[in-house]
Amino acid sequence: MIKLQDITEEELLYGSLACAGCGGIIALRMALKVLGKNTVLVLPAGCLMATCGFFPQMAVNVPLVSTAFPSTPSTVSGLVAGLKVKGKEDITVLGVAGDGGTADIGLQALSGSVERGENFVYICYDNEAYMNTGGQRSSETPYGAWTTTTPVGRNKMWEDKPKKDLLRILAAHNIPYAARTSISHPREYMDSVRKAKETKGPAVIHVLAPCPSGWGTDTSKTVELARLAVETGIWEMAEYENGKYKVTKIIKNRKPVKEYIKAQGRYRHLPDEEIEKMQKQVDEYWKAMS
Amino acid sequence: MIKLQDITEEELLYGSLACAGCGGIIALRMALKVLGKNTVLVLPAGCLMATCGFFPQMAVNVPLVSTAFPSTPSTVSGLVAGLKVKGKEDITVLGVAGDGGTADIGLQALSGSVERGENFVYICYDNEAYMNTGGQRSSETPYGAWTTTTPVGRNKMWEDKPKKDLLRILAAHNIPYAARTSISHPREYMDSVRKAKETKGPAVIHVLAPCPSGWGTDTSKTVELARLAVETGIWEMAEYENGKYKVTKIIKNRKPVKEYIKAQGRYRHLPDEEIEKMQKQVDEYWKAMS
Amino acid sequence: MGKREFINGNNAVAYGVKLARAEIVAAYPITPQTKIVEQISEFISNGEMNAEFIKVESEHTAMSACYAASCTGARTFTATSSQGLLYMFEMMQFTSGQRRPVVMANVNRAISPPWTIWLDHQDSISTRDAGWIQIYVESAQEALDTTIQCFKVAENKEVLTPVMICLDAFVLSHTEELVDIPEQAEIDRFLPPFEPDYKVDVNRPLTIAAGTAPNLYMEFRFTQQQGMLKAINLWKKADEEFGRLVGRSYGGVVENYKCSDADVILVTMGSLSSTAKDVVDSLREQGTRAGLAKLRLYRPFPEKEIFDALKSAKAIGVVDRSLSFGFEGSVFSDVKAALYNNNCCIPGVNFIVGLGGRDVTADDLKKMYDKLQYIQKNGKAEQTVEFIGLRWSE
Amino acid sequence: MGKREFINGNNAVAYGVKLARAEIVAAYPITPQTKIVEQISEFISNGEMNAEFIKVESEHTAMSACYAASCTGARTFTATSSQGLLYMFEMMQFTSGQRRPVVMANVNRAISPPWTIWLDHQDSISTRDAGWIQIYVESAQEALDTTIQCFKVAENKEVLTPVMICLDAFVLSHTEELVDIPEQAEIDRFLPPFEPDYKVDVNRPLTIAAGTAPNLYMEFRFTQQQGMLKAINLWKKADEEFGRLVGRSYGGVVENYKCSDADVILVTMGSLSSTAKDVVDSLREQGTRAGLAKLRLYRPFPEKEIFDALKSAKAIGVVDRSLSFGFEGSVFSDVKAALYNNNCCIPGVNFIVGLGGRDVTADDLKKMYDKLQYIQKNGKAEQTVEFIGLRWSE
Amino acid sequence: MGFIPNKLSDLPAGAAFEGGHPTTHTGNWRIFKPVLNKDKCRNCLLCWIFCPEAVIKKGSDNVEITYDFCKGCGICANECPTKAIEMVKEG
Amino acid sequence: MGFIPNKLSDLPAGAAFEGGHPTTHTGNWRIFKPVLNKDKCRNCLLCWIFCPEAVIKKGSDNVEITYDFCKGCGICANECPTKAIEMVKEG
Amino acid sequence: MQQIRIHGRGGQGGVTAAVIIGGAAVADGQYAQAFPAFGAERRGAPVLAFCKISDRYIRNRSQVYNPDIVIVFDEGLLSVVDVTAGLKEGGMVIINTEKKAEDFPFSNKVKIVTVDATAISLKALGKPIVNTTILGTFCAATGLVKLGSLKKTVKETFAGPLGEKNVMALEEAYRQYKGGA
Amino acid sequence: MQQIRIHGRGGQGGVTAAVIIGGAAVADGQYAQAFPAFGAERRGAPVLAFCKISDRYIRNRSQVYNPDIVIVFDEGLLSVVDVTAGLKEGGMVIINTEKKAEDFPFSNKVKIVTVDATAISLKALGKPIVNTTILGTFCAATGLVKLGSLKKTVKETFAGPLGEKNVMALEEAYRQYKGGA
Ligand SMILES: Cc1ncc(C[n+]2csc(CCOP(=O)(O)OP(=O)(O)O)c2C)c(N)n1
Ligand SMILES: Cc1ncc(C[n+]2csc(CCOP(=O)(O)OP(=O)(O)O)c2C)c(N)n1
Ligand code: SF4
Ligand code: SF4
Ligand code: SF4
Ligand code: SF4
Ligand code: SF4
Ligand code: SF4
Ligand SMILES: [Mg+2]
Ligand SMILES: [Mg+2]
């Protein structure tokens with residue numbers, strides 16, 4: 001596994017206009033550290049593009065091809081093909097999109113690029129809502145969360161669906177490599193990025209990247225919350241490789257889900273019985289998985 | 001299981017302009033027999049719409065809302081919502097689209113409708129290519145097949161990717177009910193349709209529906225070929241229900257894959273070693289599944 | 001009379017949708033529109049409004065769902081902007097071709113790239129041929145009232161055409177101002193329930209959006225065109241009736257602001273019209289006979305009404321907040337085409353302004369009127385297209 | 001001189017793409033375009049052509065992939081029709097806004113609903129504001145030659161704008177005729193390799209399609225407009241050079257067919273122009289001074305060239321195979337707008353023809369010329385928009 | 001028989017036609033014709049359920065083939081377990 | 001420093017600007033400032049890897065915080081296992 | 001200009017026949033257009049294809065309303081469509097049938113040429129595919145294209161032995177007409 | 001017409017402050033517009049908000065270039081942006097600071113009003129959120145809106161106890177100015 005000491009000091013992402021403590025920026029910065037300068041980055045609409053690619057604040061130091069919101073994977077496809085005919089197949093093509101850009105409006109294109117078996121790395125930084133537009137529900141918004149389109153009013157309307165399971169959807173594509181990981185675990189995450197780079201064919205990483213602004217949390221807690229998600233068992237670290245789904249981190253003594261929920265503004269309204277229901281679901285999931 | 005004797009004689013699909021022996025028509029006709037008159041049908045671009053919904057030849061006798069090629073599931077969503085506000089939730093909303101309209105250009109919308117948990121029945125009739133436009137490759141075109149965009153020339157270009165696994169993708173969505181079935185097995189297929197109708201929430205059926213024109217087969221062999229696909233083990237009959245994937249038909253003595261391949265014009269070019277490779281893959285798959 | 005609120009254009013549209021008793025709302029976020037659907041979701045969550053709120057996964061789906069919901073006979077609304085509008089382009093045409101009276105708010109925003117979130121009209125203008133009625137407003141109040149008028153005209157059996165209400169990003173969408181909220185009862189009197197003849201009905205199974213060969217297609221398009229053209233007079237009537245019942249109206253389809261005796265007239269759409277009225281008044285004080293023709297309805301294009309407003313002018317300027325690339329501003333072309341049809345050839349000039357959020361000030365507008373006076377004197381325009389407010393000239 | 005083949009318009013475009021040495025082809029099927037990409041996939045599979053062939057899962061992806069591939073500096077092509085064009089609308093604007101010279105063939109087909117697969121120009125016309133150059137052809141030969149010209153103009157450093165070559169569904173796409181296939185060497189002389197200044201390069205990391213605030217956006221759009229306008233003269237030059245090197249040219253951007261002394265002139269686009277030339281000749285034989293202005297380039301709109309072609313006419317008719325719903329034919333509006341800019345107000349009438357595949361015959365065209373003669377006599381048009389070939393009048 | 005418009009005002013708003021009204025008698029596409037040998041028929045209904053054109057009718061002892069819309073695909077003959085249906089050349 | 005256009009002909013064809021040139025010194029967004037106590041630092045590099053702004057530099061014995069682009073999010077302080085970083089109010 | 005209309009069924013190769021006629025005309029140094037009736041018909045459905053031949057470049061691109069010659073692939077079509085619709089006075093109808101010209105009701109109005117192309121094809125190709133066979137009759141009866149050009153075009157269209165067989169069938173039909181005429 | 005510009009940071013509630021001023025003016029029977037500087041700024045970044053107040057309906061919809069009054073939420077902004085840019089002659093700048101008016105370099109050019117809003121807010125709300133607090137100073141120093149209307153609007157904006165607390169903070173700032181003036 002990657003050692004922090006060995007990681008390059010070179011920064012390819014520097015000076016973004018993101019909120020203080022943005023988890024998405026951490027995800028992108030770490031990934032670029034592994035992939036290095038010989039990378040082309042694709043960013044669609046979303047917080048990262050909005051905060052890293054606005055003139056004159058150009059925070060990314062690899063070629064960045066920005067694209068339309070639904071088009072990250074297909075822009076990746078075009079770059080892969082273009083670099084191939086230009087004899088530059090050694091360049092890593094990296095698509096990075098949010099949960100909305102990946103699991104909602106970009107899913108079809110992603111499925112297509114994966115199915116065609118193109119050679120690329122794709123990272124979905126998951127902050128569990130459409131954050132760039134102010135925090136609307138996406139299909140990755142977890143059960144119980146408040147968003148601006150699942151407001152909490154007289155008629156209860158908080159999000160009532162579980163998260164879309166991106167990793168299993170990719171596994172169903174029999175993708176060469178995919179992982180579910182978290183910015184709180186840099187070694188594991190960066191190791192996934194390295195594997196993804198080395199994979200011949202499509203490789204997709206789904207990384208939890210909390211958003212202090214959207215989650216209603218202190219900017220200093222971004223990493224801590226991501227870690228809590230793992231330690232409570234809410235966020236499973238897993239990989240799909242060689243046709244196999246594998247849990248990559250088994251938490252011995254899972255922390256109570258409540259600890260995670262109570263730390264966040266977006267769950268403020270949740271009655272305790274809902275939290276207990278969530279705890280039960282988590283417990284059942286892990287029982288079933290072991 | 002459904003008995004043929006008990007099935008209604010009423011025909012809700014009659015007099016289409018499809019090619020003689022079209023498997024897609026069989027799939028739709030059987031489904032409507034189960035669902036009955038209290039059904040609204042959505043058809044996008046594709047062979048069924050082109051042959052059943054052109055004035056003055058209106059072959060379908062339930063309300064048919066035709067829609068754009070990418071929009072079957074989202075049109076279904078709108079109908080479900082509209083019928084709900086109109087107090088007509090007892091009507092079954094049925095989306096029927098081809099493999100291209102489902103696994104390629106309609107996949108995102110399907111994923112969305114399933115994720116939102118809307119109450120509908122969706123049938124993908126799979127003829128393994130874009131037939132209405134003359135037989136181009138889709139993500140459901142099987143390995144080895146000739147299509148007009150995977151022609152067989154000096155530089156071999158026949159389809160070199162396996163089929164997209166729609167059922168497993170739906171299973172990854174934890175859909176309430178989904179099935180992979182075949183028109184050659186009317187009782188099983190129609191039973192799936194019945195289950196789908198009874199499911200509260202989304203239910204999707206992926207049904208093999210050979211196309212004599214696109215597969216290069218005699219019109220009389222449509223059902224026989226579908227059966228062969230099952231009997232050779234190339235086409236697995238399976239269901240996803242209550243969170244479980246289940247093979248629904250285990251073939252004791254699988255027929256040789258060759259029998260299926262050799263019967264079809266679209267595989268004419270395939271050298272024997274390729275067929276052997278396919279045989280091996282099928283054998284391995286079934287070994288792994290048992 | 002209802003209550004008065006200090007709200008922005010987005011809220012105002014949401015109030016309009018609520019008062020219109022829309023039954024289906026498809027929602028997908030995009031800046032600067034999002035507040036509209038957020039506000040509606042709050043109305044619903046608070047029990048103030050009764051509608052199915054579909055949280056779709058893309059705008060193509062938003063419009064597909066609206067198309068289908070409208071086929072069931074439900075009153076249907078969605079909102080979008082810019083990239084979202086472009087992404088649903090196919091379904092926009094499906095909806096109009098099948099004559100489903102969906103109402104959509106488009107918060108006008110420029111198109112990327114260059115990446116932008118700011119105001120111009122390129123988004124709605126680039127859908128001008130798509131068979132949607134387009135109406136532009138200049139204030140939050142007009143946004144609210146017009147939203148209600150939209151349903152009235154769209155659902156008229158002679159029209160049956162979807163309507164897009166266009167309001168300017170930020171300048172209207174995010175600007176709070178004083179808005180009168182009509183009473184529900186007033187609106188119920190104005191807007192009858194939607195009861196289409198052709199809809200999904202298991203007892204009368206129709207094939208909706210059927211295929212038609214060359215022997216019939218053209219006739220459908222002709223009747224669609226006829227229906228759309230009828231919207232011009234029907235909108236005038238609706239605006240007038242709204243005035244009678246609710247107490248506010250907006251001059252029909254072209255607001256004629258001091259045009260009757262004007263020598264120089266600007267044609268504007270959207271929020272700019274508001275500032276321009278100030279400018280007209282101050283020019284009038286200085287003795288210049290200035291006028292403003294505010295184009296509310298852009299499609300169907302009110303050929304006769306715009307001719308009537310402009311016919312006595314000596315010089316006209318058409319202000320476009322967008323560009324038909326490779327030619328000129330589309331409103332300019334259309335206005336000239338309409339005048340031409342009336343054998344009228346007043347010297348005219350096109351001002352391209354405010355692309356990608358560049359502010360257009362009263363000073364800018366004054367300069368445009370100055371230019372028109374110069375043209376009036378010369379009897380002809382030297383240059384037909386002029387960009388106003390460019391940072392550099394070369 | 002190359003060989004002569006009896007092929008259809010779709011094949012002809014494919015030959016053009018091969019001869020242009022396109023490096024990337026994105027393919028998605030839609031009738032009646034599909035044969036173009038099928039033919040290209042055959043060329044590749046037979047080793048006659050060397051390109052990456054991307055079998056995308058939708059047209060939005062097709063254009064996204066083209067946009068991106070072009071960013072690497074690769075010569076890029078795709079083809080579509082109708083619904084496919086609409087579905088990629090967002091990415092069309094991305095490609096043009098970012099100045100990527102992708103070439104696309106659009107086989108003109110009507111838009112659904114009513115469901116259709118037949119010819120009209122509604123698809124490409126409804127994208128007229130999207131910043132793409134649009135050129136229309138009248139024969140398979142012109143389709144082949146023009147495909148090559150497209151790359152030449154699109155990739156010119158002063159232009160850098162994507163080009164759509166429009167050919168009529170079935171009438172051109174599926175009609176076999178005699179076509180000269182140029183030699184590869186001739187084309188190599190005409191068309192240099194594509195070497196853009198701004199492209200993906202890890203040694204010079206650019207942010208491509210960067211965000212720009214209101215302080216800069218408008219300037220980008222202004223330079224985009226300038227680039228596009230340059231295409232008018234550059235296309236004339238390219239057509240002329242093509243003529244010199246290959247032996248065929250097409251009159252630049254507006255083919256002036258016997259207009260110089262004509263009293264009555266029709267303006268047409270696409271395959272209709274071919275039939276119309278027959279009609280002009282037969283009218284001339286009968287002593288009528290008829291002319292035809294064939295608009296090849298529709299965007300950028302060749303304002304001056306169309307004025308030059310029409311200026312001496314007594315009556316003009318503009319034939320639109322599409323409709324800007326709620327107004328009139330778009331070519332009619334644009335032609336009038338251009339004449340207006342030149343203070344020219346010749347009586348004109350708009351013929352809406354051939355929607356959804358209705359055939360337009362020589363007889364129909366003769367009737368249009370008759371109408372123009374009537375207008376010439378009267379000095380003015382009574383009706384501005386006329387549908388030709390409607391089945392019923394009421 | 002479905003509604004056939006013959007003036008503009010007949011047209012629905014948007015192409016919306018009554019369904020279930022086939023007008024083209026696809027029976028004349030047929031080159032071979034399925035002919036039933038009643039004696040062999042066991043009334044298993046397989047031909048009935050597989051017929052794409054829904055032109056086979058249930059009967060008490062055996063099925064019955066109607067020909068207006070039978071395209072002659074031959075599926076019935078192919079699927080019949082008792083070979084009770086024979087395809088014979090039309091004409 | 002990135003390229004700043006100042007005439008039309010300076011503009012690239014399509015917005016394409018050189019990357020890696022931040023100009024807005026986001027350091028002045030800071031309300032609290034991370035201050036390192038070198039003595040407590042074990043050089044574990046956790047703050048370094050987690051800092052979203054990449055403003056912590058590796059050193060031989062301990063890390064070093066630079067402030068031009070530090071937004072004061074406090075992640076470094078929160079994650080430091082030895083509490084070697086303290087957030088203090090700016091000003 | 002000579003205009004030809006072909007009546008066939010989806011899948012019978014009517015368009016190919018039109019293209020072969022056009023190709024042969026072109027090989028003869030003439031100009032031609034060949035195109036299908038633009039539709040979405042499926043295998044089995046009656047379809048049309050057209051060919052125009054002229055010694056000058058053909059600019060008129062509208063459809064064929066008044067053919068000089070009609071070719072009917074399949075006698076069964078006669079009961080479905082009016083094959084003589086719009087036929088020019090003195091026009092010719094070539095029908096694949098076992099019957100004789102006199103057996104057709106419209107034989108008094110137009111010139112009818114019959115050929116049992118199915119039989120010929122079955123013999124030469126082993127399949128009842130008549131689209132090239134009947135072109136032999138067309139060639140012999142109309143003289144609009146040269147036999148050599150027709151054979152050459154057929155060989156270019158169908159590679160290898162299939163081409164040879166098609167040419168044989170075509171020649172046989174040609175011979176039968178010439179013999180019979 | 002009076003035009004107000006507010007300098008704050010993303011997340012500090014500058015737009016809310018502008019809307020509250022406008023709402024109060026409206027409650028007073030005046031007309032108002034309130035809007036943000038249209039941008040995509042994130043939490044922490046300097047942002048602007050505007051309010052225009054007039055006794056007539058405000059038709060001019062262009063931005064505010066020459067404010068009469070500037071409100072600065074956070075002293076730190078002074079080193080980042082020129083808060084006096086475009087300020088009208090005789091205009092006023094209200095700054096949240098511990099310092100005195102004289103401590104600012106531009107004190108000779110414009111009227112400066114200072115208030116330690118952070119201290120007041122920390123006391124009243126327990127948080128350094130100054131957007132409502134400073135409105136008390138604004139109200140006292142400019143008299144553009146009535147104190148009662150301002151309080152009412154704040155209570156409508158923040159329901160329940162939060163509203164009460166905000167009103168307390170606002171009143172305290174108001175008192176301090178009145179006392180100090
Ligand atoms: C077609 C289209 N629809 C909507 C938008 C508006 N939009 C831009 S970013 C965004 C949210 C992005 O969410 P996500 O992908 O999760 O990234 P995040 O903002 O959370 O980083 C939306 C809805 C758009 N740009 N294009
Ligand atoms: C946006 C769009 N792209 C392409 C098409 C063209 N098109 C119509 S049907 C079809 C093929 C449909 O394939 P499938 O869904 O598999 O159904 P099948 O034709 O095989 O029945 C295509 C590509 C279209 N109508 N719309
Ligand atoms: S809103 Fe959230 S995801 Fe977006 S920049 Fe701020 S912290 Fe990052
Ligand atoms: S092409 Fe195939 S799928 Fe389409 S109608 Fe014919 S048989 Fe059916
Ligand atoms: S399949 Fe054969 S036995 Fe069975 S019902 Fe049909 S004809 Fe009778
Ligand atoms: S031949 Fe085909 S269509 Fe006719 S009855 Fe048999 S199965 Fe049905
Ligand atoms: S986290 Fe703490 S101990 Fe580790 S390097 Fe940073 S300051 Fe030193
Ligand atoms: S406070 Fe945040 S930005 Fe500053 S050094 Fe620490 S982690 Fe980095
Ligand atoms: Mg997100
Ligand atoms: Mg298919």
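Throughout, protein chains are lettered first and strands after them, A, B, ... in sequence-line order, and every chain is numbered starting at 1. Note that the coordinates shown come from a computational prediction; the quantities given were computed from them, not determined experimentally.
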Closest non-hydrogen atom pair, [X] against [Y]:
X        : Y        : answer
D/Trp118 : C/Thr212 : CZ3-O, 3.7 Å
D/Thr127 : C/Phe89  : CG2-CE2, 4.4 Å
C/Asn215 : D/Arg391 : O-NH1, 2.6 Å
D/Gly326 : C/Leu229 : O-CD2, 3.6 Å

How long is the straight-line distance from [atom2] of [Y] back to [atom1] of [X], given to the nearest 0.5 Å?
X        : Y        : atom1 : atom2 : value
D/Lys336 : C/Asp334 : NZ    : CG    : 9.0 Å
D/Gln83  : C/Phe94  : CD    : CZ    : 6.5 Å
D/Ser112 : C/Tyr217 : OG    : OH    : 6.5 Å
D/Glu90  : C/Leu86  : CD    : CG    : 6.0 Å
D/Asp129 : C/Phe325 : CG    : CZ    : 9.0 Å
C/Gln98  : D/Trp115 : CD    : CH2   : 12.0 Å

* Is any side-chain heavy atom of C/Phe387 closer than 4.5 Å to a side-chain heavy atom of D/Arg221? -> no
* **Non-hydrogen side-chain atoms of D/Glu328 and C/Phe301 separated by less than 4.5 Å** => no
For chain C, find which of [options] contributes the most heavy-atom pairs closer than 4.5 angstrom.
options                               : value
D/Ser333, D/Ala337, D/Ser96           : D/Ala337
D/Gln226, D/Glu303, D/Gln224          : D/Gln224
D/Phe220, D/Phe222, D/Trp132          : D/Phe222
D/Gly354, D/Gly97, D/Gly389, D/Pro113 : D/Pro113

Has the side chain of [X] got a donor or acceptor atom that lies under 3.5 Å from a matching backbone atom of [Y]?
X        : Y        : value
C/Tyr340 : D/Ile346 : yes
C/Gln93  : D/Ile111 : no
C/Arg299 : D/Phe327 : no

* Can D/Ser330 and C/Arg128 be counted as having a side-chain donor-acceptor contact under 3.5 angstrom? -> no
Who among [options] has the most heavy-atom pairs with chain D under 4.5 Å?
options                                : result
C/Ser126, C/Ala338, C/Gly227           : C/Ser126
C/Thr116, C/Leu390, C/Leu119           : C/Leu390
C/Pro214, C/Pro114, C/Gly211, C/Ala130 : C/Pro214
C/Pro302, C/Cys345, C/Ala110           : C/Cys345
C/Lys230, C/Met228, C/Glu219           : C/Glu219
C/Asp359, C/Leu85, C/Ile117, C/Leu339  : C/Leu339

Can you tell which part of [X] gets under 4.5 Å to a heavy atom of chain C, answering side chain, backbone, both or neither?
X        : value
D/Gln122 : side chain
D/Ile125 : both
D/Met218 : both
D/Ala209 : both
D/Tyr298 : neither
D/Ala213 : both
D/Asn350 : neither
D/Val385 : neither
D/Leu216 : both

* Below 4.5 Å from any heavy atom of chain D, which atoms of C/Val335 appear? Answer side chain, backbone, both or neither. => neither
